[in-house]
**Student:** 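Okay, handing you the structure first.
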Amino acid sequence: MSYIPGQPVTAVVVIEIHKLRQGENLILGFSIGGGIDQDPSQNPFSEDKTDKGIYVTRVSEGGPAEIAGLQIGDKIMQVNGWDMTMVTHDQARKRLTKRSEEVVRLLVTRQSLQKAVQQSMLS
Amino acid sequence: MEDCNVHSAASILASVKEQEARFERLTRALEQERRHVALQLERAQQPGMVSGGMGSGQPLPMAWQQLVLQEQSPGSQASLATMPEAPDVLEETVTVEEDPGTPTSHVSIVTSEDGTTRRTETKVTKTVKTVTTRTVRQVPVGPDGLPLLDGGPPLGPFADGALDRHFLLRGGGPVATLSRAYLSSGGGFPEGPEPRDSPSYGSLSRGLGMRPPRAGPLGPGPGDGCFTLPGHREAFPVGPEPGPPGGRSLPERFQAEPYGLEDDTRSLAADDEGGPELEPDYGTATRRRPECGRGLHTRAYEDTADDGGELADERPAFPMVTAPLAQPERGSMGSLDRLVRRSPSVDSARKEPRWRDPELPEVLAMLRHPVDPVKANAAAYLQHLCFENEGVKRRVRQLRGLPLLVALLDHPRAEVRRRACGALRNLSYGRDTDNKAAIRDCGGVPALVRLLRAARDNEVRELVTGTLWNLSSYEPLKMVIIDHGLQTLTHEVIVPHSGWEREPNEDSKPRDAEWTTVFKNTSGCLRNVSSDGAEARRRLRECEGLVDALLHALQSAVGRKDTDNKSVENCVCIMRNLSYHVHKEVPGADRYQEAEPGPLGSAVGSQRRRRDDASCFGGKKAKGKKDGEMDRNFDTLDLPKRTEAAKGFELLYQPEVVRLYLSLLTESRNFNTLEAAAGALQNLSAGNWMWATYIRATVRKERGLPVLVELLQSETDKVVRAVAIALRNLSLDRRNKDLIGSYAMAELVRNVRNAQAPPRPGACLEEDTVVAVLNTIHEIVSDSLDNARSLLQARGVPALVALVASSQSVREAKAASHVLQTVWSYKELRGTLQKDGWTKARFQSAAATAKGPKGALSPGGFDDSTLPLVDKSLEGEKTGSRDVIPMDALGPDGYSTVDRRERRPRGASSAGEASEKEPLKLDPSRKAPPPGPSRPAVRLVDAVGDAKPQPVDSWV
C-alpha cells in the first residue's frame, strides 16, 4: 500500500479496512475531521486551507485502520464508492459507520503520495 | 528476515559485481584488441588485468555486445584461471557512528547550551556518519591499503586485483566514506568472499535474476537486456566477485559470509563506544570531503581503464586520486543515467576526467532508484551529508526528501529501511523543528513505530528509537508519538529491557534491567513526551506495565549501584513527570482527598491553621501545638494495608517509592537524576490527599530529611532548587517542619548568602533557585516560632536584609522581604531583633515594598501564599516552571530551555509559572491557566470545536 520508490505511483490509494467488533459496535479505529460544514482553515492536514474534505485526524494504535495502512492526515476521497469530498462531517461519519458493512474500502490520497508523484514527474 | 535480505542483497550485489567486472574486462580486452595499442599489448596477454570500470558503463554498439557475449565464457575462464587470489577478496562495510562535535557521542547531550538547558533531546547525536566500503584482500594484503600495494604485483595480472587495490586504498583512507555513498550501490551490503571459480555464466544468470527490480520504465529493453544489466551493475562497487559455483542462482547461498556478521558487530561496537578506532578515519573523511568525492569514484576499474590499468602507474596516482579516477558521471546520477541511456563510451569518459559529487537533488532522486542498494546508499550518504549540517537538512526538507525517506521505512529490504532510518535520525536532530514537523506530516511516526515492531535487528531498533527521541523533543509531536507509539515502545522496549516480569517466576531471581541504547533512547523519548500535560500523563500512567517496568528498572539500578547513567536519569524523569498532580489526575483520586481533617488530616489541619494565622498572628502557637499533636499521632499511624499489591500507576505514590528515591538521592552522581528524584518527592508530597500525607511521613521515617538537607549543599543549582521545593512541600507535615527548621535552616541561609556572594566564580545561583530557597524558608518560619528563632540563630536576618537591599531581582527581593515580614510578626522575637540593632522599618518597609506592586500582601494574601504552596507548586509545574513541578521541568529537561519557554506561552501558563516562585502572588493569575491547556494531538478537533458546534472529530 505504501509508496515504494521506484514503483509506479498513483496519488490515490485504496485502503480496505475490516471493521473490528467491539461489543455491539463495529469500529474502524480512526477519527475524521472536516466536512463542508466545518471550518476548513482549522484543518492542520490540508495544504489548501479551503479544502473542506474529510481528513483522518487520529489513528488508534494497532487498530484496524492502522493495520490497513491508513495514516493521520490522509484525505478520504471515497468510502465504498461514495464521494467524500462534498459531504458534511456527520454524513461522512455515518457513511463510515454503517453497521451493515463490515469492510470499508477507502479511496485515500495523501500529501506524501502527491509529492512523490510530482517529483517523479519532475525528475 | 533481515539477515535474509542482507544476504540476498549481498549475493545479488556480488553477482552484479562479478558480472560487471567480467563484462568490463571483456569489453576492455576487445577494445584493446581492436585498437592494437602498443601499450596495451602487454595487457592483452593478461586479459584479466583490464579493469573495466569505464567499460562497463559504456554503451556498446550492438555488434560489440554480441562479440562480448560470445567471448564471455572464454574470457571469464581465462580470468578465472588467472586469478587465484580472487577468493581472498573481501568487501567490508563498516558503519561508524560518530558524534561530530563531541568526541563521545553519547555524552554530549546532557549538558547544554546555556547553563539552564539540559538537552535531552537527542543524544542521538551519534550518528551513523559513515559507511565505509572497502575491499580487502585478505591473503596478500592487510586490511590497510599499504600492504595491498605490496601485494599488488602478484595480483597485477588480474583485473580484480587492480580494482581491489583502488578500493582498498580509498577504503582504508579517510576517503572511504564518500566512496561508499556514491559508489555504490552495493557498498553497504556485506559481501562475502567468493571463489571465482564459477563459470562466468553464473554471473549472467544472476544478473537476469536481478532484473525484475529494475523492470520499471527505466529498465533495459528486452533486446539489450543482458548487456544493460552489466552496465547497471556498474553502479555497484566492484569488488570481490561472488562465486560459489553452485550458488549463483540462489543468492541465499552466499549468506554465510562471516564478514557480514563481523561488520555488524563492529558497527555495534562503534555505536556503543563511540567507535574509537574508527573515528579517526571518519574525522578525516569529513574534513577531506572534497577529495573524498573524487575518491568515491574510486571504482577501481574505471580508473584503470582510463590510464591503461597499469598497476605501477596507478600507485603513484594514488595519493592524488583525482586525475586517474575521474570519470564524469561517476556520481550518483551516473548510475541513474546509465539506466536510461548508456553512459558515454570509454573515450568520451576519458575526455572528461573530472568527477563531481552528486548534487543533493540527485541524491534524493537516487532514493527512488529502482535498484535497492542504490536507495540504501543514497540514504546512507544523505545521512552523512546531514550530519550536523542544518543547511543540508533544510534543503532536504525543501526538496521533499523526507516523504521519500519515510516511505523507505516500509521498504521490503532491511538494508534500505535501516539506511533510511539512519538518515531520518540525523534529519530529525536539532533545534530546527521544521524537519520534525515534516516527518510527522508524511506519516513518519507511525512508520517508525511499524518499523520498530517489525525490526529484530538491534541497530535498526536503535535508529528508530533514536529518531523517535529526536522527534519527541518537538512539542506538537509528543501526543502523536503517544498516540502511535506508546504501546509499542512500552511493550517492545521498556518492559523487556527493564527486567520486569508480569508474572514473576518465583524460582528465578528477578532480572536486572539492561541499559541498552535502545532502552536509553526509548526512555528518553518517553521522558520527553511525558511532559506534555495532563493528557499525556494520563496516557502514560494508564499504559499497562510502563510504571511497573520503570520502577523495576530503577530498583535494579539502585540494587546494582549503577545509578549514574542516562537511562536511569530518563526513568527517574518519567517517574517524576508522572508523579506530577497525581493527587488530582489519578482515577479515583477524590476518594483519598482529605477534605476533612481526619485522623491523618495534617495537611488540611495545617491549611486551616494558616488561615487562622493570617487573620490573627497571635494564635499560632496554640494551634501549632495542636497540629503537632496530630502529627505525633500520625507518627504511630500505620500505613494503610493493601489487600492486593499495588500495580500500574498506583505504584507512583505508594510510600514504598520513597525509599527508592532516597536511595537515588544518596547514590547517584548524576545531577539530572538527583534533581528528578528530589522533584518526584516534591510532587508526591504536594497535594491534600492521603497519599501525600503518607509520603511526607515516610520521608521522615526513612530518614530522608538529612539526605535532602545535605543536597542543599550541592554545587548544582537545579538540584538545590528541587530539594528546596521538596523541603517546602515536606514541611506541610508539622513534624517535618520542626525538623527541617532545626536542621536545614543553616543550609538554607547559606544558600541565601551565596546568592549575594558566590563562594566561587560561576557558582551564582539562579533567580529561580534563590526564590525557591526563600520560599522554603518562609514556609518553615511561618507558624513556627522555634523555626523563626532558628533563622535568627543562623544569622539569616542580615543575609535577608542584604538581599533585599542588593538583589537585582524583584522576585528575590520580594520573597526575602516577605520572610522578614513574617519574622517581624513574631512579637517574641522583636526584642532580640531590636537588640541586634534592627528596626521595624527594615522589616516593614521591605514588606511594604513587596506589597506595593502587588497590592496583595495582606494577611489574606499571605494565607494564599502559604497554603497554596502545594497547589501553587503544582500549578507551576503544569505551566512548566521547573521549580515547582519537576515534571514539566523534567520534560523540558529533555529538551532545553527553549522548549520550556515555548511551552509556557502556549499554555497560558506563564502566570502559573510566575506564581510558583512568588508565594505572595495571588492565585487569580495562577488559576487563569487551567490545567488542561490542550491536547496537541487532537489539534484539529480542538480547533474546529471552537469554530463550530458540529463534531469536529469523530471516531469511527
Side-chain angles (χ1 to χ4, degrees), chain A residues 1-9 17 19 26-35 37-47 55-62 65-66 69-74 88-90 92-97 104 110-116 118-120 122-123, chain B residues 213-214 216-218 336 361-362 364-372 374-375 399-400 402-404 406-412 416 440-443 445-447 449-450 453 476 480 482-488 937-948 950-956:
Chain A
M1 188 287 332
S2 65
Y3 166 68
I4 297 174
Q7 299 300 316
V9 241
I17 305 178
K19 294 183 185 178
L26 286 172
I27 62 152
L28 287 159
F30 69 98
S31 73
I32 54 168
D37 56 340
Q38 305 288 322
D39 177 4
S41 66
Q42 309 271 8
N43 182 342
F45 302 109
S46 59
E47 274 199 331
Y55 280 77
V56 176
T57 57
R58 288 180 280 180
V59 176
S60 62
E61 213 176 315
E66 190 191 47
L70 196 68
Q71 296 180 8
I72 286 185
D74 286 354
T88 65
H89 185 87
D90 216 42
R93 188 178 57 76
K94 286 179 177 155
R95 182 57 66 196
L96 284 163
T97 55
V104 294
R110 67 178 59 131
Q111 277 177 29
S112 57
L113 288 180
Q114 290 170 339
K115 285 171 190 163
Q118 284 164 6
Q119 257 192 357
S120 63
L122 290 179
S123 58
Chain B
R214 294 187 195 146
L218 298 181
L336 276 183
E362 293 167 346
L364 293 175
M366 291 182 77
L367 291 175
R368 287 183 283 119
H369 194 282
V371 177
D372 292 338
V374 176
K375 285 177 197 154
L399 294 170
R400 313 252 188 232
L402 291 167
L404 292 175
V406 168
L408 289 181
L409 293 177
D410 289 319
H411 195 274
V416 176
R440 169 198 59 197
D441 292 344
C442 58
V445 173
V449 173
R450 273 197 300 278
R453 269 201 295 262
V480 178
I482 290 175
D483 282 340
H484 292 280
L486 177 58
Q487 299 291 333
T488 304
V938 197
R939 259 171 305 154
L940 177 53
V941 178
D942 291 341
V944 180
D946 293 346
K948 307 233 173 181
Q950 268 93 6
V952 179
D953 180 87
S954 324
W955 282 101
V956 290

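Sequence lines set the chain letters: A, B, ... in the order given, protein chains first and strands last, and positions in each chain run from 1.
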**Student:** Is A:Ile27 close to chain B through its backbone or its side chain, or both, or neither, when contacts mean heavy atoms under 4.5 Å?
**Tutor:**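 When you check distances to chain B, atoms from both the backbone and side chain of A:Ile27 fall under 4.5 Å.
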**Student:** Is it the case that the side chain of A:Glu61 and the backbone of B:Thr488 share a donor-acceptor pair, with hydrogens and angles ignored and the cut-off at 3.5 Å?
**Tutor:**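 At least one qualifying donor-acceptor pair exists.
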**Student:** Of the backbone (N, CA, C, O) and the side chain (C-beta and beyond), which part of B:Ile482 lies under 4.5 Å from a heavy atom of chain A, both, or neither?
**Tutor:**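 The backbone, not the side chain.
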**Student:** Which atom names give the shortest non-hydrogen contact between B:His484 and A:Val59, and what distance separates them?
**Tutor:**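 In terms of heavy atoms, the two residues are closest at CE1-O, 3.9 Å.
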**Student:** What part of A:Ser60 gets closer than 4.5 Å to chain B, counting heavy atoms only: side chain, backbone, both or neither?
**Tutor:**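 Both parts, backbone and side chain.
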**Student:** Could you tell me the separation between the CG atom of A:Leu96 and the CH2 atom of B:Trp955, rounded to the nearest 0.5 Å?
**Tutor:**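 Separation between the atoms: 13.0 Å.
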